[in-house]
Amino acid sequence: MSQIYDVIILGRGVAGLASAIHLLCSQSGLTIALIGAQPKFRQPQGETLAASAEQELKMLGVWSDFCKKKFPIISQTFSNWGTKKLIPTTYNALSKLGWQVDRDVFYHCFEKKIKKISGQYLCSIMEPILQLKKDNSYWNVITKNTAVMGRILIDCSGRRHVSFRQTSKKNNIDKLCCSYAYLSLNSGIVTPTPGVLIEPVKNGWWYSTLLPNQTMALSYFTDSNLLPKKIGSDIQSIQKILAASNYTRRRIESGGFDWLSTPKICQASTSRLQRFAGNNWLAVGDSAMTLDPLSSHGITTALWSARKAAETILKQNIHLTPFCSDSYHQEMELAFENFLLQKNAIYQMENEFPENIFWKNRRL
Ligand SMILES: Cc1cc2nc3c(=O)[nH]c(=O)nc-3n(C[C@H](O)[C@H](O)[C@H](O)COP(=O)(O)OP(=O)(O)OC[C@H]3O[C@@H](n4cnc5c(N)ncnc54)[C@H](O)[C@@H]3O)c2cc1C
């Protein structure tokens, strides 16, 4: 019979890597199988890591390495959200000071730490998960070349939520999706601001930011049923929506930007599992709840929930007593309710387009 691991972690994004580090650092002697494909990032670059992540990075022991990466500090976000003109929104609820992170470099801090502490307790499998089953209270994971058994499952597989058949259903709160593209800068001058710009428009909002390589990451957020059908194949569709914006259009025009590709589309909805944990399993990060990217709190929440999941496992003897995950479920429940309150308050602030369905749906 193959070895039975104490904990199987599915997914090696932020949530999976952070869960593994917390468990390994505890020196509990728990054996861990960390399974996931090499992360291929399919979201727009130029993400903001909220300032509140600092605490979590310190607790993971990756803070000094993170600082060495010298990610650009986001000192100001400009927006006309809830106002008539563009203003800096450094310390308001829309966006707090943070960093513009490059995911691959960010992951490197975590992988380096894992390498340092893994020893004999970690089995790291970098392969896609093909099948997941639960037999006689053990989890079985099948990848291309391996089969792994484990007692406790931490699902960190992001929006895909690989364990959906065996764990909990997901409730979608909205239909937000994101159409994003990259543009190269020609003139060297970007007005009205080279920083992060968030602009509400009739059917959604624009997010744009200049990356260190002088490329503009441009994202348009709207509901999936409001997205023009051709947007993924035809630059003109997105250009038409852009033409109706004010500040975002002006900054693209000022920089003489060239479109590097047609836009790509990804989901960006707010959603949650009905249960965040259950019989021998916990869901962490986006696998448990996905947050409207306007908050820029997805990564920090993934880090926080990874720590909470590890604490839940570490405070019990998983070999002797039935696994109890109620407190984890309750903490996640509270976190999601708080997030919804904040999200609703932010959307209430914007009232330029009260008759448009995108905004109406968010003012219910
Ligand atoms: C458009 C958009 C913009 C965003 N902007 C921000 C932002 O500015 N700031 C912020 O904090 N957050 C932002 N977020 C949210 C943030 O990206 C997520 O909250 C965060 O990545 C969650 O981390 P995770 O580890 O839970 O999931 P993920 O990062 O999705 O990682 C899941 C991992 O599981 C792996 N996996 C899944 N299925 C399988 C399988 N079958 N086999 C093997 N491996 C598998 C994937 O390859 C991946 O590596 C944004 C989200 C979107 C959609």
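Counting convention: from 1, in listed order, for ligands and their atoms alike. Below, each value reflects all heavy atoms present in this structure, side chains not excepted, and no hydrogens, waters or symmetry copies.
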Where's the contact between [X] and ligand 1, heavy-atom distance under 4.0 Å: side chain, backbone, both or neither?
X      : answer
Ala15  : both
Arg103 : side chain
Cys156 : backbone
Thr301 : neither

For ligand 1, is there an N or O atom under 3.5 Å from any N or O atom of [X]?
X      : result
Arg159 : no
Leu49  : no
Val14  : yes
Arg160 : yes
Ala37  : yes
Glu127 : no
Ser287 : no
Ile129 : yes
Gly298 : yes

Exercise for review: Report yes if the side chains of Met289 and Thr301 come closer than 4.5 Å at any heavy-atom pair, otherwise no.
Suggested key: yes

Exercise for review: Mark yes when over 12 heavy atoms from residues, nucleotides or ligands other than Lys134 sit less than 6.0 Å from its NZ; otherwise mark no.
Suggested key: yes

Check your understanding: Would the number of heavy atoms belonging to other residues, nucleotides or ligands and lying under 6.0 Å from CD1 of Ile73 be above 12?
Key -> no

Check your understanding: Under 6.0 Å from the six-membered ring centre of Phe358 and within 45° of its axis: does the NZ or CZ of Arg362 meet both?
Key -> yes

Exercise for review: Take every heavy atom of Tyr180, measure it against each atom of ligand 1, and state whether any distance is under 4.0 Å.
Suggested key: no

Residues [X] and [Y]: side-chain donor-acceptor under 3.5 angstrom:
X      : Y      : result
Asn361 : Asp174 : no
Gln100 : Thr209 : yes
Glu199 : Asn80  : no

Review point. Stepwise, does the ring pair (Phe, Tyr, Trp, His ring centres under 6.0 Å) test hold for Phe71 with Phe66?
Key: CA-CA 8 Å; Phe71 291 114; Phe66 175 84; 5.2 Å; yes

Exercise for review: Salt-bridge test for Arg250 and Glu253: reply yes if a basic N is under 4.0 Å from a carboxylate O, no otherwise.
Suggested key: no

